[in-house]
Amino acid sequence: MLTAVFVMAGLALAIGAVLGFAAIRFRVEGHPLVEKIDAILPQTQCGQCGFPGCKPYAQAIAEGNAEINQCPPGGEENIHKLADLLGAEFKPLNAAHGVPKPRSVAVIDEELCIGCTLCTQACPVDAILGAAKQMHTVIAAECTGCELCLAPCPVDCIHMLPVGESIGSWKWKYPVFPLTRAA
Amino acid sequence: MRKLHRFHGGVHPPDRKAESTRLPIARAPLPRRLVVPLHQHLGHGAKPLVQAGDRVLKGQMIGRAEGYVSAAIHAPTSGTVRALEMHPVPHPSGLSDLCVMLEPDGEERWVERGPLDYANLDPQALRLKLRDAGVVGLGGAAFPSYVKLSPGARQRLSTLVINGAECEPYITCDDMLMRERADEIVQGVRLIRLMLHAEEVLIGIEDNKPEAIAALRNAVKRGTLRMDVVPVPTVYPGGGERQLIKVLTGAEVPSGKRPVDIGMACFNVHTAYTVHRAVAFGEPVVSRVVTVAGNVLAPRNYEVPLGMRVADLAALASPLADTSGYLMGGPMMGFELPSADIPVVKASNCIIAKSQALFPAPPPAMPCIRCGRCAQACPAQLQPMDLFWFARARNFGKAQEYSLFDCIECGCCSFVCPSHIPLVQYYRFAKGEIWAKERERKAADLARSRHEFRQLRIERDKQERLEKLARKTAAARSHAAPAPAMQEAAANPADDPRKAAIEAAIERARTQKATITPRNVDNLTPEKQAEIARIEERRKKIREMARDRIEP
């Protein structure tokens, strides 16, 4: 009887020690699910989802505080990916958060810019270059097209320019063939 | 006799080469206008060095190589730069790119040039000279040659393969060049071999070009260097880099690797020719031999100044009345030009005039019956029917698993398909989508890292401001402590130094008030005195009224 108790207690202690060690040694830093969701999100940092950036939105999705259909720049494709990742049901994009738009970049009308720096403070990715009372300009390669700089501009000198096709970004289209009427 | 190998698959399209080899290479006359694109090679486009209104000489550099994979661009003739503007360039999309609009003055005045002393030149310096001479692969891909010549510094190559196979139908520019300028090609090959330290040189030429084989053999005999001119069987795409290496050496370039990884290098004969011109005469690449064939009266090869428009070039060969458009490159891998107002560039080896009779519209595509003929024809040993399936379903991950990127887009699969499915178009679509996804992913990564850095910076600034404030307060405290008035004040109200400071300030104000009397009431006239008294009376009344109203 006593032997059995000792054996069980010993086993419990040993296994507890191993588990305790493993919990410390193999501890996962950060939240792996948040990272996975964040990798799917488009990183526009536009805040249309209602969260200040893509990472907080990912966090909210992981914690169940947000729906997966709140990201207009990601579009339906991203909702499908999120649904696959989370084992959730696909939902159409929630129009309350906005509609998908073609990718565009902000352009500052440099004639009108008064150099107030309000847009540089609003830009989530530091893509606007300029100093107080100096003309500002957008680094097109780093602009995510989030439109966050439009509202703060006191002289409305920023507008969004859709990114057209260039030789570098052009891609072959899906082959389509005109149907001809058979005789 | 060298033992040759076979590559998998391949097809035998009618070669139609005889028409354009009857006449020798002719020099195309200078057109009235040249359109010289600044991006004629793979990699980065060149950076323009000229402005509208500049006068340039033939061979003057007008675009500087920018970045590692790039090459310089030169003025094809002397004349005046009319503009620097966007103009349609040879690209399947028909989109525009930055071009130098040159108006020739007809004098063909060369920029100062002379032979390079390559024997005493550092190999790296020689390579940079080739980059600045704009030497790129003229077989069709236009990959900057100096990049391919760079491994020589690190490793010895076993085999240098010179590509004179020219397997696509209609194209004969390499054939004619080998017949007429074999000595210069051999000189160029010698230079390439010198730079790469290659042990063995193999020149592969398809056996449908006996004149070229004979000419090169004679030239090799006249030269001092041992090279093997090897006739290879005529099978399309025997002129593909990987296919030619396989045929000549039996070695296979592994998937995702380049020939240099297995100790080989492959250069086109035309490239070797331009290497020779650049080194022996200091002449950059300003012209190339282009075949004009198809629906024209006089198919022929022309030495064309780069930037000559296709319309001007085709006019030399008198296109027939029913010409419906032009192809650039061969009928298998080339693409249809959206208009004839497009310049010839370094990659353009052939212009084919199209007509309904020569190139009838393909019959409608039927469903895939999985007969497997495409797999038998595929020189890259892929499974085109599966790739087609995945590309059509936009299942790009699966397409990549089936080695989509090993596809060389040679068109053999479409050529043999009994259902006439345009398979290559599907592969190009899938590749384009995968590249676009990759670009998007990179942009997202950049945005993420920049956003994270911004958050970090804002947090850091906040922290720094707090620290600065704390330091200031601490400094104020240590300054204030020894002051005697402070100590006195600090003793009674509390130990808070801020409160003490306030108390001290109040105290100071009080003493000041006691010692100083207002000066504006001295020396007043009796009338003024009376007025002040009246006002004081009124104020008293108002105060009383106010008190009455509040109190009850």
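A, B, ... follow the sequence lines: proteins, then strands. Residue 1 opens every chain.
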Inter-chain contacts: residues 431-438 of chain B against chain A, heavy atoms under 4.5 Å
Gly432(B), Glu433(B), Ala436(B), Lys437(B)
Chain A contact via [X] - which portion, at a heavy-atom distance below 4.5 Å:
{"X": "Arg394(B)", "value": "side chain"}
{"X": "Ala391(B)", "value": "backbone"}
{"X": "Arg439(B)", "value": "side chain"}

Would you please say whether a donor-acceptor pair under 3.5 Å links the side chains of Thr137(A) and Glu110(A)?
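Distance-only check passes for Thr137(A) and Glu110(A).
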So, [X] and [Y], do they make that salt bridge, N to O below 4.0 Å?
{"X": "Asp445(B)", "Y": "Lys442(B)", "value": "no"}
{"X": "Lys55(A)", "Y": "Glu35(A)", "value": "yes"}
{"X": "Arg454(B)", "Y": "Glu142(A)", "value": "no"}
{"X": "Asp126(A)", "Y": "Arg450(B)", "value": "no"}

Please identify, among Gln43(A), Arg103(A), Lys173(A), the residue contributing the most non-hydrogen atom pairs under 4.5 Å to chain B.
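Most heavy-atom pairs within the cutoff with chain B belong to Gln43(A).
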Answer with side chain, backbone, both or neither: which region of [X] has an atom nearer than 4.5 Å to a non-hydrogen atom of chain B?
{"X": "Cys143(A)", "answer": "neither"}
{"X": "Pro42(A)", "answer": "backbone"}
{"X": "Thr44(A)", "answer": "neither"}

More than 12 heavy atoms of other residues, nucleotides or ligands under 6.0 Å from [atom1] of [X]: is that the case?
{"X": "Lys171(A)", "atom1": "NZ", "answer": "yes"}
{"X": "Arg460(B)", "atom1": "CZ", "answer": "yes"}
{"X": "Glu464(B)", "atom1": "CD", "answer": "yes"}

Pick whichever of Ala444(B), Ala447(B), Ser93(B) has the most heavy-atom pairs under 4.5 Å with chain A.
Ser93(B)
Give the member of Arg441(B), Gln425(B), His91(B) that has the highest number of heavy-atom pairs under 4.5 Å with chain A.
His91(B)
